[in-house]
Each structure stands twice: as structure tokens, then as C-alpha cells.
Amino acid sequence: MLFDIDRLIVSFDRGLRTVFAPAVSVRAVPGEDLTETQMDPARREHAASLMRVNHTGEICAQALYQGQALTARSTDAQSALERAAQEETEHLAWTERRIEELGGRKSLLNPVWYAGSFAIGAAAGLLGDRWNLGFLAETERQVVEHLDGHLRELPAEDQKSRAIVGEMRMDEARHATSALEHGAGDLPGPARLLMRIASRVMTRTSYWI
Ligand SMILES: [Fe+2]
Ligand SMILES: [Fe+2]
């Protein structure tokens with residue numbers, strides 16, 4: 001059997017909690033000590049939408065890691081993936097809280113994004129650890145680029161969102177490095193392009209829905 005039923009049940013339970021229960025952060029929320037600045041309503045809404053996109057991105061990260069851990073071959077890769085998923089819950093908590101502060105809401109399609117990403121993650125795991133970790137490294141590299149874009153796009157006065165995104169960017173870069181250290185392979189160009197297209201569909205949609 002490709003994976004045991006107990007692990008599958010644990011993953012399913014974790015998925016439900018990721019999508020429906022509030023996330024908890026152990027680390028301090030970046031920018032917590034900064035004071036809230038007065039923002040023009042339209043700019044505030046734009047910031048809330050961008051943070052919704054980032055929150056959905058973290059939902060997808062959770063799902064990918066859980067899916068990948070489910071089908072990872074070695075226990076070493078499995079524990080690296082589960083550890084990474086744990087760290088991503090902090091990002092989930094930070095973005096969730098910031099959306100609330102900005103008066104926004106989370107994406108209504110999060111259960112769909114979770115299910116789709118979980119399936120993609122599980123499929124990547126079936127290709128073996130080298131490609132599984134390669135997929136993780138490429139995901140994180142693309143997330144870093146995406147967050148750089150958001151740092152350019154977020155209103156300059158929204159220092160609190162910027163602090164969160166900046167900290168996340170550093171974490172994601174570290175996740176990519178750790179995947180490479182664990183033996184990640186370089187994904188072929190078409191696979192990287194497909195990933196870019198998939199994430200563009202997700203980011204464009206969750207900005208609105
Ligand atoms: Fe993250
Ligand atoms: Fe990450």
C-alpha cells in the first residue's frame with residue numbers, strides 16, 4: 001500500500017482544522033508593536049485583498065506539505081515536511097489575524113484550494129523524495145518571488161502587513177534552502193511553468209473570492 005490509513009485519517013483531520021479552525025502562532029506576530037496607521041478605505045481594502053491571497057497561499061502550503069508527507073518515501077523526508085508544515089501554521093495565523101484587523105475576509109474557496117493542493121502534494125510524493133523535495137524547493141522559490149511582488153504592491157503606510165510579509169519571505173527562503181540540503185532535484189522547465197500557471201490562477205481568484 002502507498003500509505004497507511006492512520007496517516008490518511010490524521011491528514012484529513014489536520015486539513016479540516018487548517019481550513020476551518022483559527023490558526024495559533026507560537027512566535028510573536030511580526031510588526032505587533034507597530035501602531036495601526038490611518039489608511040484610505042480603498043487602499044485598506046486592497047491591502048486586505050492582498051493579505052487574503054497570502055492567507056490562501058499558506059492554506060495551499062499546508063495542504064502541499066501534508067500531501068507530500070503522506071506519500072514521502074523516507075522518514076527523513078517525511079519529518080522534514082511535517083516540520084515545515086508546522087512552521088507554516090504560524091504564517092497562517094499571522095495572515096488570518098491581519099485580514100481581521102484590516103476588516104477583510106478569508107477566501108471562500110479555501111476548502112477547494114486545500115483539496116487541490118493536497119492532491120498535487122501527494123502526487124509529487126509518489127515521484128520519490130528527490131522530486132518531492134525538488135517540488136518543495138521550487139514552490140518556496142516561487143513564493144519568495146510572489147511575496148517580493150506584494151512588498152512592492154502593499155500600501156507603503158501599511159507597515160503591519162509589510163512586517164508580516166517580510167518575515168514570511170525570510171522563512172520561505174529558508175524552507176527552499178533546507179529542501180536543497182535534503183537533496184532536492186531541479187524540476188524540469190515545463191513542471192516549473194505549470195506550477196506558475198496554477199499559482200497564478202489561485203492568486204488572481206483569491207484576490208476577489
Ligand atoms: Fe509560509
Ligand atoms: Fe514555506
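Counting starts at 1 for both ligands and their atoms, in listed order. If you read the sequence from its start, that first residue is 1, and numbering goes on from there. Side-chain atoms are counted along with the backbone in the values below, which use heavy atoms only and exclude waters and symmetry mates. Treat the numbers as computed from the prediction; the structure is a model and nothing was measured.
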Check your understanding: Between the Fe ion (ligand 1) and E58, is there an N, O or S atom separated by less than 2.8 Å?
Key -> yes
Review point. N/O/S of H91 less than 2.8 Å from the Fe ion (ligand 1)?
Key: yes
Check your understanding: Which N, O or S atom name in E140 marks its closest approach to the Fe ion (ligand 2)?
Key ->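 Nearest to the Fe ion (ligand 2) within E140's N, O and S set: OE2.
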Review point. Taking the N/O/S atoms of H175 one by one, which is nearest to the Fe ion (ligand 2)?
Key: ND1
Check your understanding: When you measure from the Fe ion (ligand 1) to each N, O or S atom of E88, which atom gives the shortest distance?
Key ->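 In E88, the N, O or S atom with the shortest distance to the Fe ion (ligand 1) is OE1.
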Check your understanding: So which of the N, O or S atoms of E172 lies nearest the Fe ion (ligand 1)?
Key ->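 The closest N, O or S atom of E172 to the Fe ion (ligand 1) is OE2.
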Point to revise | Over all atoms of both residues, closest heavy-atom pair of R52 and I99 | key: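 Nearest heavy atoms, R52 then I99: CA-CD1, 3.6 Å.
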Point to revise | Positive for side chain to side chain contact (heavy atoms under 4.5 Å, CB included) with S206, one of C60, S107, S49 | key: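 When side chain to side chain contact (heavy atoms under 4.5 Å, CB included) is applied between S206 and each of C60, S107, S49, only S107 qualifies.
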Check your understanding: Under 4.0 Å between a Lys/Arg side-chain N and an Asp/Glu carboxylate O for D158 and R98?
Key -> yes
Check your understanding: Are any non-hydrogen side-chain atoms of M168 and E58 less than 4.5 angstrom apart?
Key ->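 Heavy-atom side-chain distance check passes, below 4.5 Å.
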Practice item. Starting from the C-alpha separation in whole Å, work towards a yes-or-no answer on side-chain hydrogen bond (donor to acceptor under 3.5 Å, both in side chains) for E167 and H91. Key: CA-CA 9 Å; E167 187 80 21; H91 297 174; over 6 Å; no
